[in-house]
Amino acid sequence: MEPRVTLLDALRDHLDYTGAKRVCDRGICGSCTVILGGKAVYACCVLAIDAQGKDIQTIEGLSAPGKLDPIITAFVASDALQCGFCTPGWVMATKAFLERTPNPSYEQVRAG
């Protein structure tokens, strides 16, 4: 892979992980959010070469066959899917937040 390939392009075009979406391609909208080395990042703003050797979590890896991740279940139950295009990014950002803050207070949730 060329050094200029983004993590988003590597995931979508080379590995067929299409959950992270290209929308703004500027790191503004969050639709391409993945968890890289335990931190939520915009995959469109990270070079694939910089992700080498780090743990990468995508929306595809959250659920076991036949069993949805609790965060996905909560999004569905709360009708928080909107059009669904940016939902994977929101789910991944939520997962990263909850891993960092397992029992957040209302104020922590508001502050993100």
Side-chain angles (χ1 to χ4, degrees):
M1 217 172 295
E2 293 183 31
R4 64 188 172 121
V5 173
T6 65
L7 178 57
L8 179 61
D9 288 335
L11 290 170
R12 292 184 61 80
D13 300 339
H14 298 279
L15 299 172
D16 268 344
Y17 286 104
T18 57
K21 309 292 188 221
R22 176 184 320 285
V23 177
C24 72
D25 209 23
R26 291 185 162 93
I28 297 170
C29 72
S31 294
C32 65
T33 302
V34 299
I35 300 174
L36 177 64
K39 181 180 177 187
V41 299
Y42 297 139
C44 72
C45 294
V46 175
L47 294 175
I49 197 166
D50 291 332
Q52 279 185 308
K54 295 180 182 169
D55 181 47
I56 303 168
Q57 290 181 306
T58 66
I59 191 79
E60 290 89 350
L62 286 191
S63 298
K67 186 171 192 268
L68 289 178
D69 182 89
I71 296 170
I72 296 172
T73 302
F75 267 70
V76 172
S78 299
D79 200 25
L81 303 175
Q82 300 174 41
C83 74
F85 201 74
C86 66
T87 303
W90 278 102
V91 169
M92 296 309 293
T94 301
K95 179 163 180 61
F97 174 74
L98 291 174
E99 284 179 355
R100 189 174 72 245
T101 315
N103 296 302
S105 67
Y106 179 75
E107 289 78 23
Q108 289 172 308
V109 170
R110 285 185 46 109

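Everything quoted here is computed from the prediction, not taken from an experiment. We use all heavy atoms of the structure for the numbers below, so side chains are in, but hydrogens, waters and symmetry mates are not.
Annotation: the span from Leu98 atom CG to Gln108 atom CD amounts to 10.5 Å, rounded to 0.5 Å. In this structure, NZ in Lys67 is found 8.0 Å from OG1 in Thr73, a value given to the nearest 0.5 Å. Atom CD1 of Ile35 is separated from atom CD1 of Ile59 by 9.0 Å, given to the nearest 0.5 angstrom. Atom-to-atom distance recorded for Ser31:OG and Met92:CE is 13.5 Å, nearest 0.5 angstrom. A distance of 11.0 Å separates CZ in Phe97 from CD1 in Ile71, rounded to the nearest 0.5 Å. To the nearest 0.5 Å, the span separating CG on Leu8 from OG1 on Thr18 amounts to 10.5 Å.
Residues Thr33 and Gly89 share a closest heavy-atom pair of CB-O, 3.6 Å. Closest heavy-atom contact between Cys44 and Thr6: O-CG2, 3.5 Å.
Using a 4.5 Å cut-off between side-chain heavy atoms of Ile, Leu, Val, Met, Phe, Trp and Tyr, Met1 falls into a hydrophobic cluster with Val5.
A heavy-atom distance below 4.5 Å is found between the side chains of Phe75 and Thr94. When side chains are defined from C-beta on, Ile72 counts as touching Ser63, because their heavy atoms get closer than 4.5 Å. The shortest side-chain heavy-atom distance between Pro3 and Leu47 does not fall under the 4.5 Å cut-off.
Sorted by first and then second residue, the salt bridge (charged side-chain N to carboxylate O under 4.0 Å, His left out) pairs with a member in residues 86-100 read Lys95-Glu99; sequence neighbours excluded.
For the pair Gln57 (side chain) and Leu62 (backbone), a donor-acceptor distance under 3.5 Å is absent.
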request  = Test side-chain contact (heavy atoms from CB on, under 4.5 Å) on Thr58 and Leu11 and set out the steps.
outcome  = CA-CA 9 Å; Thr58 66; Leu11 290 170; 4.1 Å; yes
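Residue Asp79 qualifies as open at atom CG: its count of foreign heavy atoms under 6.0 Å is 12 or below.
Applying the side-chain contact (heavy atoms from CB on, under 4.5 Å) test to Cys24 and every residue at least two apart in sequence or in another chain returns Arg26, Ile28, Cys29.
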